[in-house]
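Nothing here was measured: the structure is a model prediction, and the numbers come from that model.
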Amino acid sequence: VRIAAAVVEAPGADPAVVHLDLRDPGPTEVLVRVRAAGVCHSDVAYARGDLEQGLPFPVVLGHETAGVVEAAGRGVRSLAVGDHVVVALTQHCGHCRMCELGTPMLCLHRRVPPGALSRDGEDVYAFAGGGFAEAALVDEASLVQVPKDVPFDVAAILGCAVATGLGAVRNIAQIQWGETAMVIGLGGVGLSAVLGAVVAGCSRVVAVDVDERRRAAALALGATDAVPPGEALGPVLEPGGFDQVIEAAGRVEAMQLAVAACRRGGTVTLVGLPHRDAVLTLPAADFVVSQRRLLGCVTGNVRPAVDLPDYVRLYQAGRLPLDSLVTSHLPLSDVSEAFRRCAAGEGVRTILTNP
Ligand SMILES: [Zn+2]
Ligand SMILES: [Zn+2]
């Protein structure tokens, strides 16, 4: 089928909507009519060329996608035409060593539908499905059905921001109720981590960001304190350090602050994606004798079929006010403006929509 899609031609180029060919689904693939796709900092970083080297261009970005099943391959067993789905960005196979260890984001044999998108016979890469388009081709393994009364914009952010922030709390940090927590960097991921710490029963959730509106958002979501980095931090720090610190800014200084603010024997979880050339340095002797744990975290180690339905149920029970993370909607044709808002840190999530 012929679809409109936002293509980034080369590193540093603005995304522009053009027409592409999307092939029919293979046996285990599903054609998803995209209704909503969130713009994440990783999309902006990919387009700028800030992520790892050698990523393919031209590319259709968009890894926070929700929509409706329009067609399914003959081997698809769990979904039917008309089902509402969220695209998990794992693209995992489900049966390699990493998948069976419960770490599908580390899958050794990703199922990226080959040659899904093309223009005049030339391949156009679809990153994690390529949600900045009218439709996307996704392997069944990366799709999770969501109830039809969940709004498409909320379903979309489950795919990255919510999965990453809540998963950092649930799957990586494994926060226990009563613990004290600090979250640094309050974008979609950081605010989701605040939500996770609140749901997990933390006795304190201290949220840190330079942006006053984001701090206000964190307080509205249940953070006990919200302060900018720097001098204002002093009065809200835990005297012996926090049990748990989650860094969601993707900046080396924020990571160093995270380690310094963590108690001896506590846990630091790094979830913000830094520039590919960034190097983290730490006082080595202090790190060793402090017995802190420093953990990396990609997409909250999301296990799509386990975590996403649980988050949907928490949302439906009124325990996860995810609607407040969606701060603006734009049609797909305004993709450049959506990228600008994301890069400028305006609002939390801008959602690109298709009618
Ligand atoms: Zn993302
Ligand atoms: Zn796998």
Side-chain angles (χ1 to χ4, degrees), residues 97-98 101-106 163-187 189-210 218 222-303 306-307:
R97 177 172 170 80
M98 291 304 177
L101 281 169
T103 52
M105 269 309 285
L106 307 180
T164 302
L166 286 174
V169 169
R170 184 190 207 193
N171 297 331
I172 301 291
Q174 302 187 347
I175 289 180
Q176 307 293 307
W177 69 267
E179 287 192 313
T180 56
M182 174 185 251
V183 178
I184 305 170
L186 303 174
V189 169
L191 287 172
S192 297
V194 166
L195 264 179
V198 171
V199 170
C202 284
S203 54
R204 290 189 73 204
V205 181
V206 175
V208 181
D209 197 287
V210 291
T224 51
D225 308 84
V227 293
E231 281 177 19
L233 264 177
V236 301
L237 290 175
E238 278 293 307
F242 292 88
D243 297 312
Q244 298 276 356
V245 184
I246 293 177
E247 191 279 333
R251 295 163 52 86
V252 167
E253 315 85 83
M255 294 173 180
Q256 289 163 331
L257 169 63
V259 174
C262 179
R263 72 161 164 84
R264 291 159 63 86
T267 302
V268 178
T269 302
L270 304 182
V271 60
L273 196 59
H275 188 279
R276 61 180 143 84
D277 296 331
V279 174
L280 173 61
T281 55
L282 292 172
D286 176 67
F287 184 75
V288 171
V289 301
S290 71
Q291 204 165 298
R292 293 185 182 98
R293 304 192 311 147
L294 180 59
L295 306 175
C297 174
V298 60
T299 322
N301 191 43
V302 64
R303 303 154 300 164
V306 176
D307 293 315

Interatomic distance, CG@Asn171 vs OG1@Thr299, rounded to 0.5 Å, equals 11.0 Å

TODO: Using atom types as modelled and distance alone, determine if a side-chain donor or acceptor of Asp225 lies under 3.5 Å from a backbone N or O of Val206.
DONE: no

* Asked: Going by heavy atoms in the side chains, are Met255 and Val259 under 4.5 Å from each other?
  -> no

For Ala248 and Val189 the tightest heavy-atom approach is CB-CG1, 4.2 Å

message: Evaluate Val199 against Val169 for side chain to side chain contact (heavy atoms under 4.5 Å, CB included), listing each step before the verdict.
response: CA-CA 10 Å; Val199 170; Val169 169; over 6 Å; no

One should read off an interatomic distance between Glu253 CD and Leu280 CG, to the nearest 0.5 angstrom, of 10.5 Å

Correct closest heavy-atom pair for Ala278 and Val252 would be CB-CG2, 3.9 Å

In short, Ala163 meets Val302 closest at the heavy-atom pair CB-CG2, 3.9 Å

d(Glu238 CD, Gln244 CD) to nearest 0.5 Å is 12.5 Å

Nearest heavy-atom approach of Ile175 to Cys202 is CG2-SG, 3.4 Å

Worksheet entry | Thr224 (side chain) donor-acceptor with Val205 (main chain) under 3.5 angstrom | yes

Can you tell me if Gln256 uses its side chain to pair, donor with acceptor, with the backbone of Thr281 under 3.5 Å?
yes

Q.
Taking Thr180's backbone N and O only, do any of them form a donor-acceptor pair with Asp243's side chain (distance below 3.5 Å, no angle check)?
A. yes

message = Quick check on Arg276: does its CZ atom have over 12 non-hydrogen neighbours (other residues, nucleotides or ligands) under 6.0 Å away?
response = yes

field: Side chain Glu247, main chain Ala249, donor-acceptor under 3.5 Å
entry: yes

Separation between CD (Glu179) and CD (Gln174), nearest 0.5 Å, reads 10.5 Å

With a 3.5 Å distance limit and no angle check, can you tell me whether Arg204 reaches the backbone of Val236 through a side-chain donor-acceptor pair?
yes

Any side-chain heavy atom of Leu294 sitting closer than 4.5 Å to one from Leu282?
yes

List the atom pairs, donor and acceptor, that lie under 3.5 Å between side-chain atoms in residues 267-274 and the rest of the protein, sequence neighbours left out.
from	atom 1	to	atom 2	distance (Å)
Thr267	OG1	Arg293	NE	3.2
Thr267	OG1	Arg293	NH2	3.2

With a 4.5 Å cut-off on side-chain heavy atoms, are Val245 and Arg292 touching? no

For Ala218 and Val194 the tightest heavy-atom approach is O-CG1, 4.1 Å

In this structure, CG of Asn301 is separated from CZ of Arg170 (nearest 0.5 Å) by 11.0 Å

task: Could you tell me whether the side chain of Asp209 and the main chain of Leu186 form a donor-acceptor pair under 3.5 Å?
output: yes

Distance col, row Leu101:CG vs Leu106:CG, nearest 0.5 angstrom, shows 9.0 Å

All heavy atoms of Ile172 vs all of Gly296, minimum pair found to be CG2-O, 3.8 Å

